[in-house]
Amino acid sequence: MKRYPHLLKYTKKILQGLSLIAVLCSPTTVLADPVGDGWALVFSDDFNGTQLDKKKWSTCYWWGNTGCTNGGSGDVQWYQPDDVFVNNGILRLRAQKRKMNGYEYTSGMISSHDKFAFQYGYAEMRAKMPNGRGFWTTFWLASQRRAWPPEIDIAEYLGSQPNNMHMTYHYSTPTSKHLSSPWAYTGADFSADYHTYAVEWNPKEIIWYIDGIERRRYTATEHISAEAMYVMATFALGKAWINTPPDETTPFPSYSNVDYIKVWRHKDSPSTRAVTPIISETEGLKVAAKSNVAHVIFLGNAKADAKLSNHMGTMLDSNKVGDSVTYTVNVPEARTFNVRVGVKRYHNRGKFQLSIGGTNCGNPQDLYASSSDYVELDLGNITFDASGNKSFKFTVVDKNAQSSSYKLAFDYIKLTPK
């Protein structure tokens, strides 16, 4: 058949236009934005290119690096970076039947912890869910403070129930460490096509959307968190609360496909802001000074020290009051920062006082615990008059009566702009 290039060119344009109209008019491929005016985009990833943008995402939780899982949720997979890849404008999180680190399966996840977090706003993902027994995919927000709760599950999907989408808010009160407000929406087969999943979070309410249509609203203002939250998309496997574990019918490999993830802020929100903490791993910091005791970098065990970021920390082998170590931390700008320190507690730890540039920051902190534990300590806010290198000095001031020594163990120093 003879071809006519000029007609072929115009035919291609017409077909492209019709395809675009079909996409915009299809109820299962709604490209949704925040409802109303006054929104500004503050974070976006369309997953173009050939690899994940590591400036925006990590492929493990904050307590992992080259592998991790969420044991508290009953996950049966070990997250791996090679199960996260970008192809033709789509983020693909892969689940495989592959033994690793004592788990029967591996899969993929992304998290913006320590790279992007926000307080109030509108977060949205466009994705196609996997179908299969034991699959458990979630688009969710968690506290940048590295504490739980709060947690906002924007879209939580179980592969054994492809028509249901769960929307849950986890929070705490002065009298309860954990309460939850669950909700489930029944609609289309969410594994058959792409849909948008979003949440609007403000001081007065939390509103969930699917394909731009409101599906749930939470209005108990007194329980709505004001903490900065980061974004995650995870492809877990496990029993969950009503899910069933994978079996011989579960297809492997399977994929959770994400078209984009975006976050907006509203101009009228009095405290809406993007919050990007500055994390300084202590093993990478220059030791400006120390007392006459050993200061070493220690390596963590994959299971016992799963919460140790970057799998490394530092230990001051102190044995008396007055021992100290001073780290040099670069402060990028003159402003007020909240100061937090990741530490490892144990039965042979002392108490320390942090001073920055000669000024005490926070109260003395007791690192004693009867068993090993990683925690993040909030030492309050400090205002820097100028940017540059600053001296963070940790001095042993005492020890718990039950402690056998005065040792100090650190993971990281975190500065969050206020």
Side-chain angles (χ1 to χ4, degrees), residues 60-65 68-72 113-114 142-150 172 177-178 227 277 279-285 287 290-291 293-327 329 338-356 360-382 392-416:
C60 275
Y61 294 114
W62 58 263
W63 57 81
N65 187 10
C68 61
T69 194
N70 189 352
H113 66 268
D114 300 335
S143 172
Q144 182 60 49
R145 187 169 55 92
R146 300 189 177 190
W148 184 87
S172 62
K177 292 183 178 179
H178 173 228
E227 294 189 23
I279 306 291
S280 299
E281 299 285 346
T282 56
E283 68 273 9
L285 293 174
V287 176
K290 70 178 183 65
S291 53
V293 290
H295 175 271
V296 298
I297 295 174
F298 67 89
L299 301 179
N301 177 278
K303 286 189 175 181
D305 301 300
K307 293 183 179 181
L308 178 64
S309 64
N310 207 34
H311 294 297
M312 291 186 285
T314 56
M315 172 79 73
L316 183 69
D317 195 20
S318 45
N319 52 37
K320 64 181 184 304
V321 171
D323 284 340
S324 67
V325 59
T326 302
Y327 298 107
V329 178
N338 173 246
V339 180
R340 294 174 183 266
V341 180
V343 299
K344 182 179 182 180
R345 287 177 166 160
Y346 205 31
H347 62 77
N348 59 352
R349 302 292 191 257
K351 297 180 181 181
F352 74 81
Q353 173 68 59
L354 170 62
S355 61
I356 301 176
N360 284 349
C361 184
N363 297 318
Q365 302 294 317
D366 188 356
L367 299 194
Y368 170 80
S370 58
S371 59
S372 175
D373 187 24
Y374 287 90
V375 298
E376 183 176 273
L377 304 175
D378 185 348
L379 299 181
N381 300 331
I382 188 167
F392 282 60
K393 184 177 182 179
F394 296 86
T395 302
V396 176
V397 294
D398 200 355
K399 75 175 183 67
N400 191 293
Q402 300 179 69
S403 178
S404 60
S405 189
Y406 294 83
K407 300 178 188 294
L408 303 178
F410 303 106
D411 186 1
Y412 57 85
I413 297 170
K414 180 166 71 175
L415 303 178
T416 303

For [Y], does its backbone N or O pair with a side-chain atom of [X] as donor and acceptor, under 3.5 Å?
| X | Y | result |
| --- | --- | --- |
| D411 | S309 | yes |
| N338 | G380 | yes |
| R349 | S403 | no |
| T395 | S324 | no |

For [X] and [Y], work out which heavy atoms get closest and say how close.
| X | Y | result |
| --- | --- | --- |
| Q353 | C361 | NE2-O, 3.5 Å |
| S318 | S405 | O-OG, 3.6 Å |
| P364 | V397 | CB-CG2, 4.1 Å |
| V321 | V396 | CG1-O, 3.6 Å |
| H113 | C60 | CE1-O, 3.1 Å |
| Q365 | L379 | NE2-CD2, 3.4 Å |

I need the [X] [atom1] to [Y] [atom2] distance, nearest 0.5 Å.
| X | Y | atom1 | atom2 | answer |
| --- | --- | --- | --- | --- |
| N400 | N348 | CG | CG | 12.0 Å |
| K307 | R146 | NZ | CZ | 11.5 Å |
| D317 | K407 | CG | NZ | 3.0 Å |

Assign the ring pair F352 / F410 to parallel, tilted or perpendicular, where the plane angle (0 to 90°) is split at 30° and 60°. perpendicular

Matching residue for Y412 among E283, E376, E281, R340 - test: side chain to side chain donor-acceptor pair (under 3.5 Å): E376

Should we say atom NZ of K351 is surrounded by more than 12 heavy atoms from elsewhere, each under 6.0 Å from it? yes

Would you kindly say whether Y327 and T314 are connected by a side-chain donor-acceptor distance under 3.5 Å? yes

